[in-house]
Amino acid sequence: MAYIKRGEAKIIPVRVKFNDMNVFPLGNVDEIAFKLGDSVRKTWPDAVQYDNANDRFLLTLTQEDTLSLDVGQAELEITCNFKGAGNILKPKKNPKIKVLDCTDEELME
């Protein structure tokens with residue numbers, strides 16, 4: 001299980017796979033949304049990068065993003081919108097990210 005400390009900027013590697021696919025077909029995807037908890041939502045190809053060498057997405061969280069999360073466990077919901085009508089896939093089980101508390105809640109300038 002990955003973890004995040006509130007108030008800390010962090011990059012979380014996320015591997016998205018489906019049961020019958022050896023290689024994730026990015027050429028057939030319009031958008032992938034990564035929603036962490038209730039407050040953080042980022043999308044590929046806009047705010048989330050893809051790491052070709054390691055076959056994973058890199059979800060970059062700012063200090064402000066992590067401060068908006070509640071302490072405990074945040075669910076990472078992934079929605080993949082393939083090209084064409086009605087082609088939205090979601091994993092059956094969403095990963096959980098452990099969110100640790102912090103003592104300082106001021107944003108760094």
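The basis for the numbers below is simple: all heavy atoms, side chains too, and nothing from hydrogens, waters or symmetry mates. Everything numeric in this text was worked out from a predicted model, so none of it was measured. Throughout, residue positions are numbered sequentially from 1 according to the sequence presented.
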Is the side chain of Lys10 donor-acceptor paired with the backbone N or O of Tyr3 at a distance under 3.5 Å, no angle test? yes
When rounded to the nearest 0.5 angstrom, what is the spacing between CG in Leu67 and CG in Leu61? 11.5 Å
Is there side-chain contact between Leu69 and Val40, with heavy atoms separated by less than 4.5 Å? yes
Would you give the length of the straight line joining atom CZ of Phe57 to atom CD1 of Ile12, rounded to the nearest 0.5 angstrom? 14.5 Å
Hey, does Ile32 have a side-chain heavy atom less than 4.5 Å from the side chain of Val48? no
ILVMFWY clustering at 4.5 Å (side-chain atoms), partners of Leu58: Ile11
Taken to the nearest 0.5 Å, the spacing of Leu36 CG from Lys96 NZ works out to 11.0 Å
Shortest non-hydrogen contact from Gly7 to Thr66? N-OG1, 2.9 Å
Taking side chain as C-beta onward, heavy atoms only, is Val29 less than 4.5 Å from Cys80? yes
From Thr43 atom OG1 to Leu59 atom CG, the distance as rounded to the nearest 0.5 Å: 10.5 Å
Please report the C-alpha distance between Phe34 and Glu77 in whole Å, then the side-chain angles of each, then the deciding distance to 0.1 Å, and finally whether the side-chain contact (heavy atoms from CB on, under 4.5 Å) criterion is met. CA-CA 6 Å; Phe34 297 83; Glu77 181 180 303; over 6 Å; no
Taking only residues two or more places apart in sequence, or in another chain, which ones meet Lys42 in a side-chain hydrogen bond (donor to acceptor under 3.5 Å, both in side chains)? Asp65
Measuring from Arg56:CZ to Asp51:CG, what's the distance to the nearest 0.5 Å? 5.0 Å
Salt-bridged, Arg41 to Glu31, with N to O below 4.0 Å? yes
Hey, does the side chain of Ser39 reach the backbone of Ser68 with a donor-acceptor pair shorter than 3.5 angstrom? yes
Applying side-chain contact (heavy atoms from CB on, under 4.5 Å), run through Val14 and Leu76 and close with a yes or a no. CA-CA 10 Å; Val14 180; Leu76 178 60; 3.8 Å; yes
Around atom CG of Asp30, are there more than 12 heavy atoms of other residues, nucleotides or ligands at under 6.0 Å? yes
Sorted by chain and number, sequence neighbours left out, side-chain hydrogen bond (donor to acceptor under 3.5 Å, both in side chains) with Gln49 holds for none
What's the separation between atom CG in Asp70 and atom CZ in Arg6, rounded to the nearest 0.5 Å? 7.5 Å
